[in-house]
Amino acid sequence: MVHVNSPLANVADGVQLLYKDFPYEVDSFADFHVRLDRPHNHHRLWHPQVLCYLNDECPFAPLPTDQALAVFESLLNFSIYATIYHFLILHAASIERAGYTAILPAPPGSGKSTLCAALVSRGWRLLTDELTLVSPSTGLISPMARPISLKNASIDVMQQFAPQQTFSPKVYNTIKGTIAYMRAPSESVARMHETAAPTWMIFPKYQAGAATSVKLLPKGAAFIRLSSGLVNYSILGAVGFEAMTQLLERTLCYEILYSDLDEAMGWFDRLPTAQ
Amino acid sequence: MAGTEVWRAANLLMRSWDDGVIVYNLDSGTTHLLNPTAGQVLYYLADAHASVGVLSHRLACENDLESDEELDHTVEDLLKQLDSLGLIEPVTE
């Protein structure tokens, strides 16, 4: 539960658009209190800026007001990885279909979010796009079904690929380039309290012009690759190590190199029958 | 002549898989993937303190290898690497 406070119209419009299906309450308990506000100085007269606060602490430098929606999403990510220690947090997308769950860990630029957005537009349930929360005690993923963050060329790709989906306005000139968000499908939001058991760990890599190729990754190598995208592994210590090893023992690990979205999705669609 | 120094494993968690042994150092928070042989030696040291000679002999017996000076040198080099990674330490008492 997040308490949001902002006088900025683009934050209100963005939240209303992207979180339309989420339940909301007024004056209820909240895990995080986030506030996006205008700085109270004369600078705002010629360069309007946004300041963000998590529980009254200001973790980021001021940014232009027209980036407020991206700031809001970054602040939610920060709220999770800076304050949640009872989950192993992977920098990864997760999707589920018919009880089978794929975790897609990957560094920025790998095409993770594009692939995730394409798959959820074709019937996979969105668990999460950016941060995957794994319970160390049960090994299950707790979904969040927050919007999918698309960057640069992948925004137009997805708008053409899945015109039935809802996209936010583009946010320009952020540190990651141009960003737009795709709203999570309503069904994913409706099922966000259903945990999911991981089946596959799939490392996607987009490379222009590459033929689709897939290889099985040994678990030791997968562990090392995964550990570079772990948010709180070192903080969790022994608990984090055990959670990681159990996660890898439960999953088959693959690497998929692709440039053709339809081909890559076809491979994902065949995964359950390959089990 | 094999070194007589006795070694022990640091404060570690380990898990063995086909492509090697994942090692987590509880004191430093670092994670390493060791090849299966290096992992085997580290498991020996987690079992009991040992010198190069003892490790070399056990490695030879369990892997059907010749226990000779060359193997001693290989184990000695391996221990230097494990030491530099902070995964083992000399027993001083």
Side-chain angles (χ1 to χ4, degrees), chain A residues 81-82 84-92 103 105-107 132 134-137 139 198-203 214-256, chain B residues 7-50 55-56 58-59 62-65 71 74-75 77-91:
Chain A
Y81 64 70
I84 291 183
Y85 300 113
H86 55 290
F87 286 103
L88 179 69
I89 304 178
L90 316 178
H91 182 219
I103 299 175
T132 292
V134 181
S135 164
S137 55
T199 317
W200 306 286
M201 184 76 66
I202 301 167
F203 295 83
V214 177
K215 69 176 182 186
L216 201 59
L217 272 184
K219 293 184 190 295
F223 191 115
I224 292 296
R225 286 183 61 172
L226 194 55
S227 62
S228 65
L230 287 167
V231 175
N232 62 349
Y233 165 66
S234 56
I235 295 168
L236 293 178
V239 171
F241 180 82
E242 290 299 334
M244 275 281 284
T245 52
Q246 284 172 27
L247 176 61
L248 285 163
E249 282 181 358
R250 288 193 195 103
T251 51
L252 277 175
C253 305
Y254 295 97
E255 177 183 75
I256 177 168
Chain B
W7 296 86
R8 67 179 165 208
N11 192 15
L12 307 175
L13 295 174
M14 295 189 275
R15 188 64 57 101
S16 184
W17 280 310
D18 288 348
D19 59 333
V21 177
I22 281 283
V23 183
Y24 179 71
N25 187 326
L26 285 157
D27 294 329
S28 66
T30 55
T31 304
H32 306 270
L33 175 61
L34 304 182
N35 67 42
T37 309
Q40 200 173 0
V41 168
L42 205 50
Y43 271 116
Y44 295 161
L45 289 171
D47 281 349
H49 305 173
L55 293 168
S56 180
R58 192 169 168 189
L59 205 55
E62 292 187 12
N63 295 280
D64 202 17
L65 298 169
L71 184 60
T74 304
V75 172
D77 287 344
L78 173 62
L79 293 180
K80 279 181 197 161
Q81 290 178 55
L82 294 176
D83 184 29
S84 70
L85 293 172
L87 299 177
I88 61 171
E89 54 204 19
V91 178

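Naming: A, B, ... by sequence-line order, numbering from 1 per chain.
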CD on E249(A) to CZ on R15(B), rounded to 0.5 Å: 4.5 Å
From T245(A) atom OG1 to Y24(B) atom OH, the distance as rounded to the nearest 0.5 Å: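 Taking OG1 in T245(A) and OH in Y24(B), the distance rounds to 12.0 Å.
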Residues of residues 218-225 of chain A contacting chain B, heavy-atom criterion under 4.5 Å, by residue number: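 So far as heavy atoms go, P218(A), K219(A), G220(A), A221(A), F223(A), I224(A) are the residues that approach chain B to under 4.5 Å.
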Structural part of S227(A) lying under 4.5 Å from a heavy atom of chain B: neither
Considering all heavy atoms, the nearest I22(B)-F241(A) contact: CG2-CE1, 3.3 Å
Contact residues of residues 30-40 of chain B (partner chain A; heavy-atom separation under 4.5 angstrom): T31(B), H32(B), L33(B)
CG/D47(B): more than 12 non-hydrogen atoms of other groups inside 6.0 Å: yes
